[in-house]
Amino acid sequence: MLDPKLLRDNPAELIRRLNTRGDDFTQSIEALVVLDVQRRETQTEFNRTQATSNQIGKQVGELVRKGASADGPEVQALRQQGNDLKASLAMLQEKDRDLEEKFKIELLKLPNLPNPSVTVGKDENENLEVAVWGELPTFDFEIQDHYDIGLRLGLFNFERATRVAQSRFVTLIGDGAALERALISFMLDRHRNHGYIEVMPPYLVNSASLTGTGQLPKFAEDGFKCADDDLWLIPTAEVPVTNLYRDEILKASELPIRHCAFTPCFRREAGSYGRDTRGLIRLHQFHKVEMVKFCRPEDSEAEHQSLVADAADILQQLELPYRVLELCTGDMGFAAARCYDLEVWLPAQNRYREISSCSNCGDFQARSANLRFKEADKKGTEYLHTLNGSGLAVGRTFAAILENYQNADGSVTVPKVLRSYLGKEQIT
RNA sequence: GGAGAGGUGGCUGAGUGGUCGAAAGCGGCGGAUUGCUAAUCCGUUGUAGGUCGAGUAAUCUCCUACCGAGGGUUCGAAUCCCUCCCUCUCCGCCA
C-alpha cells in the first residue's frame with residue numbers, strides 16, 4: 001500500500017501520478033483524504049478520553065494503596081466517573097476502528113505509484129522495446145504451433161485433464177512431463193549458481209499474505225479460495241516468498257536476500273474466456289520458477305537490472321529469441337513501480353509472447369506486508385524494497401521450445417542445456 | 001481429532017488485578033579504563049499511531065496502543081473468564 005502521508009502532503013500530485021496508469025483516481029483520493037482527517041480526529045478524541053479513564057484508574061490505585069476503603073466515598077466517586085466514561089469510550093473506539101478499517105481497505109485498493117522515470121502511456125502499445133536478443137528462426141517447411149506438435153508427439157493431453165478437472169487444465173505425459181521437470185531443474189540450478197537461495201514455500205496462503213503482496217482486497221475474484229478455510233491457492237510464488245518475512249524487522253546486514261522458488265500457480269483467469277484457449281499459454285494451473293528479492297531502497301534499481309538479466313539469461317541459455325519491454329504506466333501491474341517484461345518468440349504465432357515479468361515494487365509491498373529492516377547504528381526502522389520476476393513461466397517456455405526447435409520430420413530438438421536433464425537430444 | 005503443558009521485548013527468563021512498557025541476565029549501542037586481545041565499570045537500548053510545544057533539522061516533551069489474536073469482567077488486566085490461532089509432549093489417523 002501507499003504511504004498514507006502522501007494523502008496529506010500533496011493529494012493533487014498523488015492523483016496526477018496515479019492517473020498516469022489510465023484510471024481516474026480523483027474520487028477515491030478525495031474520499032481517502034476526508035477519511036484520513038476523520039480518523040485522526042476520532043483517534044485524537046478517543047486517545048484523550050482513554051487518557052482520562054487511565055487517570056481515574058491510577059487515582060483509585062493510589063487511594064487504595066494509601067489504605068482507603070474500596071467502598072469509601074472517594075473511591076466510589078471515582079468508580080462512578082469511570083463508569084460514566086464507558087459509554088462514550090466504547091462509542092469512540094468503535095468509530096475509530098470503523099474509520100481505520102475503511103481507510104485501510106480503500107488505501108489498499110490504490111495501486112503503486114509509477115516511478116517518475118517510467119514512460120507515460122495508456123496501454124501495451126506504448127511500451128518501450130529496450131532490447132532484442134537472438135535471431136528469429138527460419139523454416140523451410142510448414143511449421144506447426146506448439147499445440148499440434150505436442151499432441152502429435154504425445155507430450156500432453158487436454159481432454160483428459162478437462163475430464164479430471166475443467167477446461168484450461170493440462171496433463172503432461174512421458175517426454176512432456178520430463179521436459180517440464182527438466183526445465184524446472186535447469187532454471188533453479190541456474191539461479192542457484194547466481195546466488196539465489198532456493199525455497200519451497202506453501203502453495204496455500206492465508207488472506208493476510210495476499211493482502212501483503214497486493215492481490216487482496218482488490219483482486220479477490222482472480223484467486224481460487226478454499227471454502228472452509230482462510231486459505232487460497234497461490235497465483236504466483238511471489239505471494240508466499242515475499243510474505244516469508246512479513247512482520248519482521250531484518251538486519252540491514254542480512255540484505256539483500258535473494259530467493260528463487262519453483263511452484264505451481266493457480267489463476268481463475270476471470271475475464272479472459274475467449275483468449276488463448278489453445279495450448280499451454282493460458283491455464284488455470286501452470287508452473288513457474290520465480291525470483292524474489294528484498295533489498296535496501298538505494299539498491300533496488302541495480303537489483304532490478306540484475307533480476308532482468310537473470311531472467312534473460314535463462315532464455316539465452318535455452319537459445320530462445322526474445323525481447324525486453326519496459327512497460328509504460330498504463331500497462332504495469334498493481335504493485336509495480338517499474339516493470340520489464342520479457343517476451344519470447346513464438347514462430348507459429350509470428351510474434352513475441354510474455355514469458356517473464358520483472359517488477360520493482362519499491363516499498364509498496366513492504367508497507368502492506370510490514371517488511372522492515374534496521375541499520376545497526378541507526379535509530380528506527382525502514383521499509384525495504386521488494387522485487388520479483390519470473391525466471392521463467394515454465395509452460396510458456398515449453399511451448400516456445402516446441403515451436404522454435406521443431407524439425408521438418410516432426411521431431412523437436414532438445415536445447416543443449418537441457419540434454420543432460422532430459423537424457424536425450426531429440427523428442428520424437 | 002483426543003488428553004495435557006505453554007505462548008512476555010533481538011534472545012533467555014521473572015511477573016501477588018493498581019505508576020508494569022514490563023525485573024534480571026545476555027546481546028546491541030555510547031563512554032571510561034587498559035601495551036594488544038580479553039576482562040571490568042558507568043550509561044543507554046522495543047514498535048507503531050496521535051498531538052501541543054521547542055528546534056533549520058535529526059530529535060526531544062506529552063498522550064494512546066501493543067505481553068499470540070479477538071471478546072468479556074473491572075474504576076483499573078501481562079495477571080481473572082470465554083473463543084480462536086500457534087508451539088511442545090502423549091495417543092489416534094495419515095504420505
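None of the values given here were measured: they were computed from a predicted structure. Per chain, numbering begins at 1; letters A, B, ... match sequence-line order.
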Under 3.5 Å, is there a donor on one side chain and an acceptor on the other for [X] and [Y]?
| X | Y | result |
| --- | --- | --- |
| Tyr383(A) | Asp3(A) | no |
| Arg16(A) | Asn19(A) | no |
| Arg372(A) | Asn370(A) | yes |
| Arg267(A) | Thr236(A) | no |
| Glu106(A) | Ser28(A) | no |
| Asn360(A) | Tyr340(A) | no |

What integer number of Å spans the [atom1] atoms of [N] and [M]?
| N | M | atom1 | value |
| --- | --- | --- | --- |
| A69(B) | A78(B) | C1' | 15 Å |
| G21(B) | G68(B) | P | 16 Å |
| U8(B) | A23(B) | C1' | 12 Å |
| C80(B) | G92(B) | P | 34 Å |
| G15(B) | C67(B) | C1' | 11 Å |
| G10(B) | C29(B) | C1' | 13 Å |
| C60(B) | U47(B) | P | 11 Å |
| U74(B) | G18(B) | C1' | 11 Å |

Contact class for Arg372(A) (heavy atom, under 4.0 Å): base, sugar-phosphate, or nothing?
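Arg372(A): backbone/sugar contact only, no base atoms under 4.0 Å.
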
Could you tell me whether Arg367(A) contacts a base, only the sugar-phosphate backbone, or nothing, with contacts defined as non-hydrogen atoms closer than 4.0 Å?
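Result for Arg367(A) = nothing.
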
Read 5' to 3' with Watson-Crick or G-U pairs under 3.5 Å, [ ] for crossing pairs and | for partners on another strand, RNA chain B gives ((((((((.[[[..)..(.....]]]((((((.......))))))(((((..((....)).))))).[[[[[..)....]]]]])))))))....

Indicate whether OP1 or OP2 belonging to [N] is found under 4.0 Å from a side-chain N or O atom of [X].
| X | N | result |
| --- | --- | --- |
| Thr44(A) | C52(B) | no |
| Arg39(A) | G49(B) | no |
| Arg40(A) | U51(B) | yes |
| Asn47(A) | C62(B) | no |

Do His385(A) and Gln365(A) make a side-chain contact, defined as non-hydrogen atoms from C-beta onward lying under 4.5 Å apart?
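With C-beta onward as the side chain, the pair stays apart.
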
Between His146(A) and Phe398(A), is the ring centroid distance below 6.0 Å?
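Centroid separation for His146(A) and Phe398(A): 6.0 Å or greater.
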
Could you tell me if the ring centre of Phe373(A) sits under 6.0 Å from that of Phe294(A)?
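Between Phe373(A) and Phe294(A), the centre distance exceeds or equals 6.0 Å.
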
I want to confirm an ordering. Mapping Gln55(A) and Tyr383(A) to their closest nucleotides on RNA chain B, which one lands closer to the 5' end?
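Per heavy-atom nearest nucleotide, the more 5' residue is Tyr383(A).
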
On RNA chain B, does the nearest nucleotide to Glu382(A) precede the nearest nucleotide to Glu62(A) from the 5' side, or the other way round? Give the residue.
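Comparing both residues, the 5'-ward one is Glu62(A).
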
Using the 3.5 Å cut-off, write out each protein N or O paired with an N or O of nucleotides 77-81 of chain B and the distance between them.
none

What is the distance, rounded to the nearest whole Å, between atom [atom1] of [X] and atom [atom2] of [N]?
| X | N | atom1 | atom2 | result |
| --- | --- | --- | --- | --- |
| Leu99(A) | U64(B) | CG | P | 21 Å |
| Lys104(A) | G49(B) | NZ | P | 12 Å |
| Glu45(A) | C63(B) | CD | C1' | 14 Å |
| Phe46(A) | A65(B) | CZ | C1' | 8 Å |
| Arg48(A) | G50(B) | CZ | C1' | 11 Å |
| Ile249(A) | U45(B) | CD1 | P | 17 Å |
| Asp96(A) | C63(B) | CG | C1' | 14 Å |
| Asp247(A) | G46(B) | CG | C1' | 15 Å |

Strictly below 4.0 Å, N to O, side chains only: are Glu382(A) and Arg296(A) in salt-bridge contact?
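A salt bridge is absent here (no side-chain N lies under 4.0 Å from a carboxylate O).
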
List the steps, then state whether side-chain hydrogen bond (donor to acceptor under 3.5 Å, both in side chains) holds for Ser207(A) with Asp230(A).
CA-CA 6 Å; Ser207(A) 47; Asp230(A) 178 31; 2.8 Å; yes

Give me, pair by pair, the N or O atoms of the protein and of nucleotides 66-75 of chain B that are less than 3.5 Å apart, along with how far apart they are.
| unit_1 | atom_1 | unit_2 | atom_2 | d |
| --- | --- | --- | --- | --- |
| G71(B) | OP1 | Arg97(A) | NH1 | 2.2 |
| C75(B) | OP2 | Asn83(A) | OD1 | 3.2 |

Heavy-atom pair with the smallest gap, counting every atom of Ser368(A) and Thr211(A)
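Residues Ser368(A) and Thr211(A), closest heavy atoms: CB-O, 3.7 Å.
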
Taking Arg17(A)'s backbone N and O only, do any of them form a donor-acceptor pair with Thr20(A)'s side chain (distance below 3.5 Å, no angle check)?
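Checked: pair present.
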
